[in-house]
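Whatever order the structure lists them in is the order used to number ligands and atoms, beginning at 1. In what follows, every heavy atom counts, from backbone to side chain, and hydrogens, waters and symmetry copies are set aside.
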Amino acid sequence: MSSQSGRRPGELDPDAFRELGYRAIDLIADYYGSLDDRPVYVQADPSDVVAAFDDPLPESGEDPSAVLDAIEADVLRYATHNPSPRFFGYVMGGGLPIAALADAIAAALNMNVGGWHPAPSATEVERTVVEWLADAIGYPTETMGLLTSGGTMANVVAVLTAFRDQTNHETRQVGLQGEERPTYALYVADHECHSSIYRAADMLNLGRDAVRLVPSNDDFTMDVDALEARLDADEADGDQPFCVVAQAGSINVSAIDPLDEIASVCDDRDLWFHVDGACGAVGAMLPELADRYAGIERADSVTLDPHKWLNVSYECGAVLVHDRETLAETFAMDASYLRGSVAETPEEFDYYEFGPQMSRGFRALKVWASLKQLGVEGYRENLRGGIARAAHLDERVRDHDDFEAVQEPNLFIYSFRYVPADLRAALDDARGDETDPGEPMDRVHQYLDRLNQAIVDEVVDSGLAFLTTTTVHDRRTLRTSICNHRTTDDDVDVVFEALADTGARLDADWRPEASLPI
Ligand SMILES: *Cc1c(COP(=O)(O)O)cnc(C)c1O
């Protein structure tokens, strides 16, 4: 575009900005208004999406309203509509409108929350948000913590802090080099250890083998006796356990590990106790679940993820560390170019000395704004909504002859399986049979695995809903994560019926060819 008189490229006078901004706001408002009617998943060939953005680097600029045109035309058209009430994939919050506005304002202020001096109010907002999050889940509020890009980086920060603490911080200087070291190990329940724990072990150069899987109970929670046995065995082998990761909300069935018991094991053995609550730690805001979260307050560190069940827009994770000094010792860094000329007071602390990032965005504003708008009460209502939707789905599954429940409902993530009634009967018979039915039933399971995957593929392609499959007890299952505050029981019903119809149709088409042993 031609620059306005006297302005440098990119700058806009306030009126021009206002006009552009109103257009952007209209776009967002229309978007929110249309969510119910949009196909949730992109209705295009992937190559069309590639082609839409396959432009060369622009040599000359264009009018900013043309940039908005392009966003409206292509980015919106080829988006997956995560904010849709029928988006049940992964663990994704729907995004709160107040968070979108707060993000825009944070971007305009452009404070860099690496240090107090470039970001006094933003530092204090983040400090307050960390305290509020701790308070909300019943964690000690005299804690230290910070916002991160997500749960993965929160887990990386926690596992590094655990490792430094358990090696008396000497590894900060020499890393894993130099003298011979033991094999370090961390522990998590086996049925669905979140990949981010492997990521953390990998990034910290402990290696993915450092993650030791502990057998789980039938309800998918960690078997604490098995944990103790594994710790004993590894110690006898000369390994050095340093951390136990409990999950508060596991990724496929939203199970909550027995936090209090694990805390006691860690106490007895002087191990770091980390709670990965990226999925579900905020469920501790509900007084009726107090029993299930008991012990979270004893954790040395907790990961939570405001961009999931708190529905704050991406990106925003958080890590709480009980002992401020341990976190400070882990990340302390001194560089002369970071020292300003203003005298430091105890209030003025720099977040870059408590985490891995130097330049840091003002993520806290959207969390602060969301917590202020909804309050604990508003959030409790939304959290209960997610739990109620999952329980409703569980009822539909148990009432239907062609579905099988694979879990009791926990929080908002619920997995289940399409199993036509006659195949279910055959499998039940085989299970009851003392002689090992073996291979024929394996063929039934393979058929069901294919069928469940195809059901999800069809429903996703239709645009009605987005969900995924996962593996529970080695079987392909349908997986739903209902953490969007916009979702209603009607949305759940519509999707459930589509799954049932698709399953019946595919089964009728496929069965004659499948030659199953029943
Ligand atoms: C989502 C999730 C993570 C990773 O969080 P991101 O925000 O995706 O990086 C870690 N642990 C659990 C249990 C999760 O559900």
In the protein, which heavy atom is nearest to [atom], and how far is it?
| atom | result |
| --- | --- |
| atom 11 (N) of ligand 1 | D276 OD2, 2.7 Å |
| atom 14 (C) of ligand 1 | K308 NZ, 2.9 Å |
| atom 6 (P) of ligand 1 | G151 N, 3.3 Å |
| atom 3 (C) of ligand 1 | H194 CE1, 3.1 Å |

Can you tell me which portion of [X] lies within the under-4.0 Å heavy-atom range of ligand 1? Options are side chain, backbone, both, or neither.
| X | answer |
| --- | --- |
| I251 | side chain |
| H307 | side chain |
| T303 | neither |

Handout entry: Enclosure of W272 CH2 (heavy-atom neighbours >12, cutoff 6.0 Å)
Key = yes
Report all side-chain donor-acceptor pairs from residues 140-154 shorter than 3.5 Å, counting only partners two or more places apart or in another chain.
unit_1, atom_1, unit_2, atom_2, d
T143, OG1, V321, O, 2.8
T148, OG1, G150, N, 3.4
T148, OG1, G150, O, 2.7

Exercise for the section: Go through ligand 1 atom by atom and flag the ones less than 4.0 Å from a non-hydrogen atom of D305. Expected result: 5 (O), 6 (P), 7 (O)
Exercise for the section: Indicate the ring-plane relationship of H307 and Y314, choosing parallel, tilted or perpendicular according to the 30° and 60° boundaries. Expected result: tilted
Exercise for the section: Look at the rings of F412 and W309 and say which category their plane angle falls in: under 30° parallel, 30 to 60° tilted, over 60° perpendicular. Expected result: tilted
Handout entry: Sequence neighbours excluded, every pair satisfying ring pair (Phe, Tyr, Trp, His ring centres under 6.0 Å) that has a member inside residues 450-494
Key = Y41-F466, F87-F466, Y90-F466, F220-H473
Handout entry: Test item: D103 side-chain N/O and A99 main-chain N/O as donor-acceptor pair under 3.5 Å
Key = no
